[in-house]
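Reviewing the structure listed below.
Protein chains get the first letters and strands the later ones, always in sequence-line order, with residue 1 at the start of each.
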Amino acid sequence: MSTEPLPSVPAPSDFIRDIVAGHVAEKRYAKIVTRFPPEPNGYLHIGHAKSICLNFGLARENNGQCNLRFDDTNPVKEDLEYVESITADVQWLIAGWAEHCLAFKPKGAHPALITSNGQPDYYLGPVAPTALTTEPFFASDYFDQLYEYALTLIRKGQAYVCDLTPEDTEKYRGAPDHPGKDSPFRNRSVAENLDLFQRMKAGEFPNGARSLRSKIDMTSPNMWLRDPLLYRIRHVPHHHAGDKWCIYPLYDYAHCLSDYLEGVTHSVCTLEFVDHRALYDWVLTSLDLPRTLPHQYEFAKLTPGYTLVSKRKLLTLVNEKVVAGWDDPRLPTLSGLRRRGIPASALRRFVTSVGVTKFDSLTDIAVFEHAVRDELNQVALRRLAVLQPIKLILTNLAADEMIECDATNNPQSETPTTRRVALTREVFIEADDFAEVPPPKFFRLKPGGEVRLKYACIIKCDELVKDAAGRITEIRCTADLTTRAGGANVARKVKGTLHWVSAATCFDAEVRLYDRLFTVPEPAAEEDFLKVINPHSLTVVTAKLEASLAEANASERYQFERLGYFSLETKTAEPGRLIFNRTISLKDTWAK
RNA sequence: UGCCUGAUGGUGUAAUGGUAGCACAGGCGACUUUGACUCGCCUAGUCAUGGUUCGAAUCCAUGUCGGGCAGCCA
């Protein structure tokens, strides 16, 4: 498949790239290191694509690296299924573009204790490029080091074991508009804290009985500085770390340190973490770490119209069987988009085109559709297919006559190639392309009218054959063979050109037509998003396809002329029975 | 009555004290053996009020409106 989009895309520019460029100019870091840190508790979606392209783009444009790291600190919500799908989706999205920046680590590797700037320091060190013996990074691989760091914090008097119940912890925290108050356990001795924390780790206490808390400021106007929890007790096995642990670190504690361990320089996340940045910095600076610290930068996440980007809501759609699974082609999941036939390059172009800012916006889905059409227009093979067939007889052709016509495979190609399509007495055209009583400016086929059958010749509609109910069963026309390519009257112009297939050589195949899943631009703002589902998001038809499509292959993209872009469905197709998914329709300015 | 953060055409995004530009969408037209593509033209914007300045989208003040923050989720 194609890799780089044909026209060279100008290097994107945004406030984060500007910050990094400044750091590069002043040589602040030896190498720019970013990371994409999903929690393996759901499938990646189009919103993640923006983050992936930003993080990998930063690495790519600065000869740096980007780590795929699973933020797997909450085993009760996570699953191996998700680490596998996420890994595959990331690799698909960056293939041919930034795969050389994707850093994996040797399988099973953990950070080792080394000496940095004369101080003991855990550091994962330079990572190997992707190979058979490598794997993504996992925050859970740092649990030992994180535990050691927690001990350090306790010894420095900056963390304590708290016996408050979850409910009381919440009460003591106060609210945004009034301060919290100190936990009665806040001033335990270092020795007692050390003892209790070690016993937490040893499994002596039940879930929720105690927690390890940072000692910051219960009156801070920033809620995240009111002694946030560092560790909680969870007697559950972990999908990656096994059953070694019954205490698990929380995001704010694990994330900054994971960044540090991996040598991340720029930790880019979305706007809801702005308030957490103070905590990110507090953990890192409290530990007196010897190496350069990572910094967090925030941008607005992507919210495309007419769809949903929330793992929780997407999960609901899957569980409620509104869609057929995480990779349903109607979903904005990366696996759904891929199955639908969206090229990764189009996705990259789209997320790049919307920019990176700190403004919460609703992105017009038309921008996405434009990127997809633009990309597909370059690469798609043109084919003839009829979705809603109606029979048309060329009365001046003999029943066994077969006229070979040259059809262009891709007019966008610099050196277009052709294939043969057969014109026969009996053909199918699109039912929409004929109107007995045409609306104004209708330049398709009508009684007495003329159109060109693409790649063939001009035909004239002579008469209609109807059934008892008055429905048209057959359109009878005369073909003017002198208007064929090479004929005396090729140059003759008619207003309309139709796609068609020969009834003698075409074959039937299932075609799945997808439309937007929701009827409103912002389903997430709805009280109940299940009530604004588009009932027509999937239409299945049996189409008539030109013979050459029998050799269609899954890596190719097709344009069924005048209809849209299609690709082969691989997941649910049975051998010998082709199914096509419509990726997207062609733009239609003839709005009825 | 807290803290953080933001506001530029319909949508998204540039302009970093010096001509408000680009893309998408929309409209009109040209071209067309895809009502696609391509091309041309057009519509339409600096949240408000003050201030600083020769000059403000940009700096300052105040206000308005929006988003986020009270998980032992990330």
How far does the [atom1] atom of [N] sit from the matching atom of [M], given to the nearest Å?
| N | M | atom1 | result |
| --- | --- | --- | --- |
| B:rC54 | B:rG68 | C1' | 42 Å |
| B:rU5 | B:rG10 | P | 28 Å |
| B:rG45 | B:rA14 | C1' | 13 Å |
| B:rA20 | B:rA56 | C1' | 12 Å |
| B:rG9 | B:rA44 | C1' | 4 Å |
| B:rC59 | B:rA15 | P | 12 Å |
| B:rA57 | B:rU16 | C1' | 11 Å |
| B:rC47 | B:rU11 | P | 13 Å |

Measure all distances between protein nitrogen or oxygen atoms and nitrogen or oxygen atoms of nucleotides 13-15 of chain B, and list the pairs falling under 3.5 Å.
residue : atom : partner : partner atom : Å
B:rU13  : OP1  : A:T357  : OG1          : 2.8

**Prompt:** Any side-chain N or O of A:R226 under 4.0 Å from OP1/OP2 of B:rG2?
**Reply:**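 A:R226 to B:rG2 OP1/OP2: no side-chain N or O under 4.0 Å.
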
**Request:** Would you please confirm or rule out a distance under 4.0 Å between OP1 or OP2 of B:rC73 and any side-chain N or O of A:R232?
**Result:**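 Affirmative; the distance criterion is met.
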
Do [X] and [Y] sit within salt-bridge range, that is, some charged N less than 4.0 Å from a carboxylate O?
| X | Y | result |
| --- | --- | --- |
| A:R17 | A:E61 | yes |
| A:R492 | A:E450 | yes |
| A:R277 | A:E298 | yes |

For nucleotides 67-70 of chain B, tabulate all protein N/O to nucleotide N/O atom pairs closer than 3.5 Å, reporting atom names and distance.
residue : atom : partner : partner atom : Å
B:rG67  : O2'  : A:D360  : OD2          : 3.1
B:rG68  : N2   : A:D275  : OD2          : 3.0
B:rC69  : O4'  : A:D275  : OD2          : 3.4
B:rC69  : O2'  : A:W224  : NE1          : 3.3

**Item:** Positions of residues 40-53 of chain A (non-hydrogen atom under 4.0 Å from RNA chain B), listed by number
**Value:**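 Those residues whose heavy atoms fall under 4.0 Å from RNA chain B, taken from residues 40-53 of chain A, amount to none.
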
How would you label the contact of [X] with the nucleic acid (heavy atoms, under 4.0 Å): base, sugar-phosphate, or nothing?
| X | answer |
| --- | --- |
| A:T73 | sugar-phosphate |
| A:L362 | sugar-phosphate |
| A:L164 | base |
| A:A485 | base |

**A:Y231 ring center within less than 6.0 Å of A:F197 ring center** =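 Between A:Y231 and A:F197, which both carry aromatic rings, the centre distance is below 6.0 Å.
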
**Request:** Run the numbers on A:E375 and A:S345 for side chain to side chain donor-acceptor pair (under 3.5 Å), then give the verdict.
**Result:** CA-CA 8 Å; A:E375 203 76 19; A:S345 55; 2.9 Å; yes

**Any residue meeting side chain to side chain donor-acceptor pair (under 3.5 Å) with A:E81, in chain and number order, not counting sequence neighbours** =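 For A:E81, the residues satisfying side chain to side chain donor-acceptor pair (under 3.5 Å) (neighbours in sequence not counted) are A:Y43.
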
Given atom [atom1] of [X] and atom [atom2] of [N], what is their separation to the nearest angstrom?
| X | N | atom1 | atom2 | result |
| --- | --- | --- | --- | --- |
| A:R35 | B:rA74 | CZ | C1' | 12 Å |
| A:I458 | B:rU32 | CD1 | C1' | 14 Å |
| A:F185 | B:rC72 | CZ | P | 16 Å |
| A:E369 | B:rA25 | CD | C1' | 11 Å |

Distance under 6.0 Å and angle within 45° of the ring axis: does [X] meet both against [Y]?
| X | Y | value |
| --- | --- | --- |
| A:R188 | A:Y160 | no |
| A:R234 | A:Y248 | no |
| A:K201 | A:Y147 | yes |

**Request:** For A:K493 and for A:A209, locate the closest nucleotide of RNA chain B by heavy-atom distance; then report the residue assigned to the nucleotide nearer the 5' terminus.
**Result:** A:K493

**Complete:** Its contact letters, B for base, S for sugar-phosphate only and - for none at protein heavy atoms under 4.0 Å, make nucleotides 34-45 of chain B read BBSS--------

**Fill in**
Here RNA chain B, pairs taken as Watson-Crick or G-U under 3.5 Å and shown with ( ), [ ] when crossing and | when to another strand, reads .((((((..((((....[..)))).(((((.......)))))....(((((..]....))))))))))).....

